**Q** 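Here it is, the structure in full.
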Amino acid sequence: VQLQASGGGLVQAGGSLTLVCAASGTISSINVMGWYRQTPGKERELVARVTSGPVGPSTVYADSVKGRFTITRDRAKNTVTVQMNSLVPEDTAVYYCGADGLDQKNARFIVWGQGTLVTVSS
């Protein structure tokens, strides 16, 4: 299973960016899919994630992005998208897509994408 992330770049403060992550491979199901970010010298932190559930998906956001970022998932296409609005310089980081699921042999996988740089200028 592989993840391909796209959509990073340079944007001015107050601007918007959209990150898209697509999963491919022998996937049976994806239970959790989301975006995380990391800056030099710091641990990777959650940005937003979508978890599948019996009554539908549930989302979790980092407090720092609530109200500005929106995460959506397309189960049919195995993609997750985060729309990032009202960006601030503190959002500057390498953003990683991550997924936790089962492959077609019913083995669990946890995979990360290659990371995409988001730079917000002041």
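Just so it is clear, the model here is predicted, and its values are computed rather than measured. Residue numbers run from 1 in the order of the sequence given.
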**Q** Tell me if the CD atom of Gln104 is crowded by more than 12 foreign heavy atoms within 6.0 Å.
**A**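 More than 12 heavy atoms, drawn from other residues, nucleotides or ligands, come within 6.0 Å of this atom.
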
**Q** What I'd like to find out is whether the side chain of Lys105 reaches to under 4.5 Å of the side chain of Thr26, using heavy atoms alone.
**A**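 No. Closest side-chain heavy atoms not under 4.5 Å.
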
**Q** Could I get the full list of side-chain contact (heavy atoms from CB on, under 4.5 Å) partners for Ser58, not counting sequence neighbours?
**A**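 Thr51.
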
**Q** How would you list, by chain and number, every residue that makes a side chain to side chain donor-acceptor pair (under 3.5 Å) with Lys66, sequence neighbours excluded?
**A**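 Partners of Lys66 under the side chain to side chain donor-acceptor pair (under 3.5 Å) test: Asp63.
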
**Q** Any pair with a residue in residues 83-105 that passes ring-ring contact (aromatic ring centres under 6.0 Å, His included), sequence neighbours left out, goes on the list, sorted by first then second residue, please.
**A**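 ring-ring contact (aromatic ring centres under 6.0 Å, His included) check on residues 83-105 returns no pairs.
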
**Q** Membership question, hydrophobic clusters at under 4.5 Å side-chain separation (ILVMFWY): are Val20 and Met84 in the same one?
**A**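 Unlinked, Met84 and Val20 end up in two clusters.
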
**Q** Scan for disulfide bond (SG atoms under 2.5 Å apart) pairs involving residues 23-86, sequence neighbours excluded, and state none if there are none.
**A**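 Found none.
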
**Q** List the atom of Tyr61, the atom of Ala48, and the distance in Å for their closest heavy-atom pair.
**A**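 That would be CD2-CB, 3.5 Å.
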
**Q** Between Leu19 and Val11, is there a shared hydrophobic cluster once you connect ILVMFWY residues whose side-chain heavy atoms come closer than 4.5 Å?
**A**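 Yes, it is one cluster - the side chains of Leu19 and Val11 are joined through contacts under 4.5 Å.
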
**Q** Hey, what else clusters with Val32 if you join Ile, Leu, Val, Met, Phe, Trp, Tyr whenever side-chain heavy atoms sit under 4.5 Å?
**A**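 Its cluster mates, by chain and number: none.
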
**Q** Taking only distance into account, with no hydrogens and no angle test, what donor-acceptor pairs under 3.5 Å do side-chain atoms of residues 68-83 form with protein atoms, sequence neighbours excluded?
**A**
from	atom 1	to	atom 2	distance (Å)
Arg68	NE	Ser64	O	3.4
Arg68	NH1	Ser86	O	2.9
Arg68	NH1	Asp91	OD2	2.7
Arg68	NH2	Ser64	O	2.8
Arg68	NH2	Asp91	OD1	3.0
Arg68	NH2	Asp91	OD2	3.4
Arg73	NH1	Ile30	O	3.0
Arg73	NH1	Ser52	OG	2.9
Arg73	NH2	Ile30	O	2.9
Asp74	OD1	Ala76	N	3.1
Asp74	OD1	Lys77	N	3.1
Gln83	OE1	Thr18	OG1	2.5
Gln83	NE2	Asn85	OD1	2.9

**Q** Among residues two or more places apart or on two chains, list those pairs meeting ring-ring contact (aromatic ring centres under 6.0 Å, His included) that have a residue in residues 3-32.
**A**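 Every candidate ring-ring contact (aromatic ring centres under 6.0 Å, His included) pair involving residues 3-32 fails, so no pair, neighbours aside, qualifies.
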
**Q** Any idea which heavy atoms bring Val50 and Pro57 closest together, and the distance?
**A**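 For Val50 versus Pro57, the nearest heavy atoms are CG1-CB, 3.7 Å.
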
**Q** Identify whether Val94 and Trp35 are in the same connected component of the hydrophobic contact network (ILVMFWY, side-chain heavy atoms under 4.5 Å).
**A**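 Looking at the clustering, Trp35 is in a separate group from Val94.
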
**Q** Only pairs at least two apart or in different chains count here, so list each salt bridge (charged side-chain N to carboxylate O under 4.0 Å, His left out) that has a residue in residues 41-51.
**A**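 Of all non-adjacent pairs touching residues 41-51, those that pass salt bridge (charged side-chain N to carboxylate O under 4.0 Å, His left out) are Arg37-Glu45.
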
**Q** Please list all pairs meeting disulfide bond (SG atoms under 2.5 Å apart) that have one or both residues in residues 23-80, counting only residues at least two apart or in different chains.
**A**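 The answer is none; no pair qualifies.
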
**Q** Please report, to 0.1 Å, the donor-acceptor pairs under 3.5 Å made by any side chain of residues 106-122, with sequence neighbours excluded.
**A**
from	atom 1	to	atom 2	distance (Å)
Arg108	NE	Asp100	OD1	3.0
Arg108	NE	Asp100	OD2	3.4
Arg108	NH2	Asp100	OD2	2.4
Gln114	OE1	Ala5	N	3.3
Gln114	NE2	Ala5	O	3.0
Thr116	OG1	Gly8	N	3.2

**Q** Give me each pair satisfying disulfide bond (SG atoms under 2.5 Å apart) with a member in residues 93-122, each pair once, sequence neighbours excluded.
**A**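 Of all non-adjacent pairs touching residues 93-122, those that pass disulfide bond (SG atoms under 2.5 Å apart) are Cys21-Cys97.
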
